[in-house]
Protein chains: 2
Amino acid sequence: MTIGQAAKKSGVSAKLIRHYESIGVTPKVSRTESGYREYSESDVQILRFVKRARGLGFDMKDIKKLVGLWRNKGRSSADVKNLCKTHIENLEQKMRELQTMADSLRHLSRNCQGDNRPHCPILNNLAGEFT
Amino acid sequence: MTIGQAAKKSGVSAKLIRHYESIGVTPKVSRTESGYREYSESDVQILRFVKRARGLGFDMKDIKKLVGLWRNKGRSSADVKNLCKTHIENLEQKMRELQTMADSLRHLSRNCQGDNRPHCPILNNLAGEFT
DNA sequence: GCTAAACCTTCCCACCGTTGGAAGGTCAAG
DNA sequence: CTTGACCTTCCAACGGTGGGAAGGTTTAGC
């Protein structure tokens, strides 16, 4: 399979496939005589694995670890679960931050007339005027 | 005031203050004969404004607009409110995405023993095995 | 066998917001 | 006059992705 065909089958762009290989997230694949990358079904599976992990919000560093654990038949599921737990906590932390922002903005927005006059509690708040 | 003093008073690092100026988010400040930037109280206020807006999750493009609206005494509060509304929607969208990720991860995590054995529903799911 | 299209290769650049460092100039206190 | 703390500009990096250029390869059609 060429990289283009692997891209279609995996849903990962050829551009990104090369990038993942270059940063060591996916293993280096074999090459034809002329230098074209060759992909097998199992190579495509790895790409799909990476794509799903991205979809769950893991960063490339963690995905690298996850791919390693996946391919290591002697792994402990505890290692995977811990990675997962930490990531969940990061997501929850991020959500709390966004929630706090959104709450503040909704509060300010409610107090803003939203008309053609200049008075604006949102700007006043940003300016540090808490009146 | 030098940039270092303005940094302390505003809570924005000198590095970032120069950056904000270079991308046009904050106005260019005056310079001493030797080329040092000079900051007034009102310059520091703008920096604090930017910092608060960042704290509410606005991107630099929006902050540029907000600073413009703030300094424009003939603004309509509707413009500010609209900017704010769009941003709130973006935050809510982001939160939903994170929520979906976290829900999936928590579900997978619950089904993982987390022991020293290799069997792991998390990896199986990432591998596309939905058994 | 030739040509054109579709593919592949590597390389560099961009986004975002922030930080870090290097190389060099300036200012204050000792 | 030196030292150290400050300032200046420029360049690079992070993560994840996309865009494009310049060039080589393969495949289909004639």
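Just so we're clear, the structure is a prediction, and the values are computed from it rather than from any experiment. Reminder, nothing fancy here: chain letters follow the sequence lines and each chain counts from 1.
Taken to the nearest 0.5 Å, the OG atom of A:Ser42 stands 13.5 Å off from the CZ atom of A:Phe49.
The base of D:dG24 lies close enough to the side chain of A:Tyr36 for a donor and an acceptor atom to sit less than 3.5 Å apart.
Comparing atom distances between the B:Ser13 side chain and each of C:dG17, C:dT19, D:dT17 picks out C:dT19 as nearest. For A:Lys15, the side-chain atoms get nearest to D:dG19 when compared with the rest of C:dC8, D:dG19, D:dC7. For B:Tyr20, taking side-chain heavy atoms from C-beta onward, the closest of the listed nucleotides C:dT26, C:dT18, D:dT9 is C:dT18. Nearest to the side chain of A:His19, among D:dG16, C:dT9, D:dG18, sits D:dG16.
Between A:Arg31 and A:Lys8, it is A:Lys8 whose nearest contact on DNA chain C lies nearer the 5' terminus.
Taking five base pairs at each end of the helix from C:dG1-D:dC30 to C:dG30-D:dC1, the local helix axes there meet at an angle of 30°, rounded to 10°.
Following rounding to the nearest Å, A:Lys64 (NZ) and D:dG15 (C1') show an atom-to-atom distance of 13 Å. We find that CD1 of B:Ile3 is positioned 17 Å from P of C:dT26, with the value rounded to whole Å.
Applying the salt bridge (charged side-chain N to carboxylate O under 4.0 Å, His left out) test to every pair with at least one member in residues 111-122 of chain B, sequence neighbours left out, gives these pairs: B:Asp115-B:Arg117.
Looking at residues two or more places apart in sequence or on another chain, you find no side-chain hydrogen bond (donor to acceptor under 3.5 Å, both in side chains) involving A:Arg75.
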